[in-house]
Amino acid sequence: MNVKNVEKKEHSTAEITIEITGAEFEKAINQVYNKVRGQISIPGFRKGKAPRKLVEKMYGENVFHEDALEELGPAIMEQVDALEDIEIVGYPKSNVTKMDKDGVELVMTVGLMPVVTLGQYKGLEAPRAEVSVTDEEVETALKPYINRATTQVSVDRPVQNGDTAVIDFEGFVDGVPFEGGKGENYDLKIGSGSFIPGFEDQLVGVSAGEDKDVVVTFPENYQAQELAGKEATFKCTVHEVREEQAPELDDEFAKDVSEFETLDELKADLRAKALERKQRDAKNDFEQAVMTAAIDNAQMDIPDTMVEYETDRMMEQYESRLQGSGISFDQYLNMMGTNRAEFRVNTRGSALRQIQSELVLKAVMEAEGIEATEEEIAAHVKELAEQYNMEEDKVREALPADALERDVKLEKAAKVLYDSAVATAPAEEKAE
């Protein structure tokens, strides 16, 4: 077996012609035959005892050829990997151009690691928002605490919007009750929109102890087809009316809902956390814009096979994370109202961006002569251990030393881009 020819093509691809001798192919065929012979039944022979030539006569002389090529796959890739100045990426595709007793010739079309020519990557300009937190945003952040401390109290008055009415109800269509249309002592928050449109509005003004006939029409797209578009009458009885009672916003409230002693301290903490989130988002947006500029300034021709491979990898990772959360990928797609094909299209864009970013950072590593010290690698291991709640030695067992070194170098390359970049005002701020 040998590599006969390597011809580099456009779009970072190459065609590699490989020759397999007749003896090598014959050996591979025999290996396949010996693996599967126990499953072959031919009249006149005990199972697994039919000669190979007879099997080929019955099923075609090429019956074992495809599997024989797969058997030779590792040896073929070993030949290809040994080639100098060739770094294959993605999935190779093979086309057999000759196959007979003298051997096999096949042409592999492969993607090659793209050559990256950097443009400007230092001193890039990118917009960065100046962030602050308003009093209104602090009040918004306080609302979940208020909601948790809000209680419901019974009131002796008619139902108002926002109240919770405790009701019995039974629904009828054409005077006949229908399945699922009955409930007792049901807590219905008026204005929540949890019942059929128009239902909750008709309970406004009804007091505890009163009956009310609520007449509504089911939506045309209602899930129960037998009720869709039909008018229904719900006979309702209101047992109790409750209103929400918000807490007094004072220091006692702060003590009850947080670890702080005063309301001012709680608000200050909410402001600080909101500011930290905004600053983090502004930093991420700035760095993404810097990376986009560096990518736009660079030249690289990425083969489709590389993008497809990265897309598959990202989808597998996404599916694995979902399964870890107890959700299947198909369930997630249904919830999001999409399918695998559409999801793949979106993921492909992310995969391309990931490849472009990494290629640029690798090129920066080389241009800057970036190295990783043992101290930097140790710090990276410690960070990963804290992030994933693992022992440091377990992190080193899980990740090869060259992968840890590579991560540190990429981080340092990114730092070169971001630290040298110049922040400018966003377009909307300039307009003001």
Side-chain angles (χ1 to χ4, degrees), residues 125-155 159-165 187-194 200 241-292 318 321-322 324-327 332 335-336 350 353 379-380 382-390 411 414-415 417-419 421-432:
E125 292 188 354
R128 183 163 188 166
E130 291 290 336
V131 298
S132 61
V133 179
T134 65
D135 291 343
E136 290 77 10
E137 288 172 319
V138 173
E139 295 302 321
T140 298
L142 192 62
K143 282 183 180 179
Y145 295 87
I146 297 173
N147 292 339
R148 287 198 293 270
T150 295
T151 58
Q152 289 187 349
V153 295
S154 293
V155 290
V159 173
Q160 296 178 2
N161 194 41
D163 288 343
T164 294
D187 290 356
L188 176 61
K189 183 169 182 179
I190 307 303
S192 65
S194 55
E200 296 164 24
V241 180
R242 301 179 192 148
E243 72 175 6
E244 292 184 347
Q245 191 171 78
E248 289 290 330
L249 298 186
D250 53 21
D251 292 344
E252 288 303 315
F253 162 76
K255 291 177 185 178
D256 289 340
V257 300
S258 72
E259 71 272 25
F260 299 104
E261 293 294 317
T262 68
L263 182 61
D264 286 343
E265 288 175 339
L266 173 57
K267 286 185 175 182
D269 181 68
L270 293 175
R271 185 183 295 275
K273 288 177 178 175
L275 182 61
E276 182 182 354
R277 285 193 299 272
K278 283 190 167 188
Q279 288 173 335
R280 184 171 59 247
D281 290 344
K283 178 176 180 288
N284 289 339
D285 290 344
F286 171 70
E287 291 179 351
Q288 286 185 22
V290 172
M291 180 59 72
T292 297
Y318 203 92
R321 286 196 298 270
L322 286 170
S325 303
I327 303 173
Y332 171 78
M335 287 189 292
M336 299 302 293
S350 300
R353 169 74 181 204
H380 180 57
K382 182 178 181 181
E383 182 181 345
L384 290 174
E386 292 174 352
Q387 181 179 351
Y388 294 103
N389 195 25
M390 296 172 63
E411 286 180 8
K415 189 172 173 59
L417 263 66
Y418 304 145
D419 287 357
V422 178
T424 61
E428 58 270 20
E429 292 183 14
K430 290 179 180 178
E432 293 175 3

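The residues of the chain are indexed from 1 along the displayed sequence.
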Participant: Show your working on side chain to side chain contact (heavy atoms under 4.5 Å, CB included) between Q160 and V241 and close with a plain yes or no.
Facilitator: CA-CA 9 Å; Q160 296 178 2; V241 180; over 6 Å; no
Participant: Nearest 0.5 Å please: distance from the CD atom of E261 over to the CG atom of L266.
Facilitator: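 One gets 11.5 Å once the value is rounded to the nearest 0.5 Å.
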Participant: Do any N or O atoms from the side chain of T164 and from the backbone of L188 form a donor-acceptor pair under 3.5 angstrom?
Facilitator: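 Not at all, since once roles are kept as given, no pair shorter than 3.5 Å links the two residues.
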Participant: Within the supplied structure, the quantity of interest is the number of heavy atoms (other residues, nucleotides, ligands) at a distance under 6.0 Å from M336 CE; does it exceed 12?
Facilitator: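 At most 12 heavy atoms, drawn from other residues, nucleotides or ligands, come within 6.0 Å of this atom.
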Participant: Apply side chain to side chain contact (heavy atoms under 4.5 Å, CB included) to residues V153 and E243 and explain how you reach the verdict.
Facilitator: CA-CA 6 Å; V153 295; E243 72 175 6; 3.9 Å; yes
Participant: Is a side-chain donor or acceptor of R271 paired with a backbone partner of V133 at a separation under 3.5 angstrom?
Facilitator: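 Pair found, side chain donor or acceptor close to backbone of V133.
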Participant: How far does CG of N284 sit from CZ of R128, to the nearest 0.5 angstrom?
Facilitator: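 The CZ atom of R128 is 9.5 Å from CG of N284, to the nearest 0.5 Å.
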Participant: Could I get the full list of side-chain contact (heavy atoms from CB on, under 4.5 Å) partners for T140, not counting sequence neighbours?
Facilitator: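 Listed in chain order: nothing, the list is empty.
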Participant: Quick check: closest heavy atoms across A421 and F286, and the distance to 0.1 Å?
Facilitator: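 So the minimum-distance heavy-atom pair works out to CB-CZ, 3.6 Å.
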Participant: Does a side-chain N-to-carboxylate-O contact under 4.0 Å join K143 and E139?
Facilitator: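 Looking at K143 and E139, the cut-off is not met.
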Participant: If I take atom OH from residue Y418 and atom CD from residue E411, how far apart are they, to the nearest 0.5 angstrom?
Facilitator: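 Y418 OH to E411 CD: 11.0 Å, rounded to 0.5 Å.
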Participant: Between CD1 of I146 and CD of E248, what distance do you get to the nearest 0.5 Å?
Facilitator: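 Output value for this atom pair is 11.0 Å.
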Participant: For a quick test of reading the model, state the closest non-hydrogen atom pair linking A149 to P247 and the distance between them.
Facilitator: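 Here A149 and P247 meet closest at CB-CG, 3.7 Å.
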Participant: Kindly determine whether L142 and K267 satisfy side chain to side chain contact (heavy atoms under 4.5 Å, CB included), including the steps that lead there.
Facilitator: CA-CA 8 Å; L142 192 62; K267 286 185 175 182; 4.0 Å; yes
Participant: What's the spacing between S192 OG and D187 CG if we round to 0.5 Å?
Facilitator: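 The OG atom of S192 sits 11.0 Å away from the CG atom of D187.
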Participant: Is the backbone of G193 close enough, under 3.5 Å, to the side chain of E200 for a donor and an acceptor to pair up by distance?
Facilitator: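 The answer is yes, because a donor-acceptor pair under 3.5 Å joins these two groups.
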Participant: Might you work through the side chain to side chain contact (heavy atoms under 4.5 Å, CB included) test for E386 and K382, ending with a clear yes or no?
Facilitator: CA-CA 6 Å; E386 292 174 352; K382 182 178 181 181; 3.5 Å; yes
Participant: Please confirm whether the backbone N or O of A165 pairs with a side-chain atom of D163, one donor and one acceptor, at under 3.5 Å?
Facilitator: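 Not at all, since once roles are kept as given, no pair shorter than 3.5 Å links the two residues.
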Participant: Tell me the closest heavy-atom pair linking A282 and A129, and the distance in Å.
Facilitator: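 Minimum heavy-atom separation between A282 and A129: CB-O, 4.0 Å.
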Participant: Counting N and O atoms only, with roles assigned by atom type, does the side chain of E244 sit under 3.5 Å from a partner on the main chain of G162, one being a donor and the other an acceptor?
Facilitator: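 Checked: no pair found.
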Participant: Do the non-hydrogen side-chain atoms of E265 and D269 ever get within less than 4.5 Å of each other?
Facilitator: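 In short, these two side chains do not touch, never coming nearer than 4.5 Å.
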Participant: Considering residues at least two apart in sequence or located in another chain, which fulfil the salt bridge (charged side-chain N to carboxylate O under 4.0 Å, His left out) criterion with E137?
Facilitator: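 Testing E137 for salt bridge (charged side-chain N to carboxylate O under 4.0 Å, His left out), a comparison that skips the adjacent residues, returns K278.
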Participant: Using a 4.5 Å cut-off on heavy atoms from C-beta on, say whether the side chain of R148 contacts that of V257.
Facilitator: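 Result no, sub-4.5 Å side-chain heavy-atom pair not found.
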Participant: Measure the OH-CG distance between Y145 and L263 for me, rounded to the nearest 0.5 Å.
Facilitator: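 Result: 12.0 Å between the selected atoms.
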Participant: Just to verify, what does S154 make a side-chain contact (heavy atoms from CB on, under 4.5 Å) with, not counting sequence neighbours?
Facilitator: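 Scan of S154 (side-chain contact (heavy atoms from CB on, under 4.5 Å), adjacent residues dropped) gives E240, R242.
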Participant: Got a salt bridge between D251 and K255, using NZ or NE/NH1/NH2 to carboxylate O under 4.0 Å?
Facilitator: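 Salt bridge: no.
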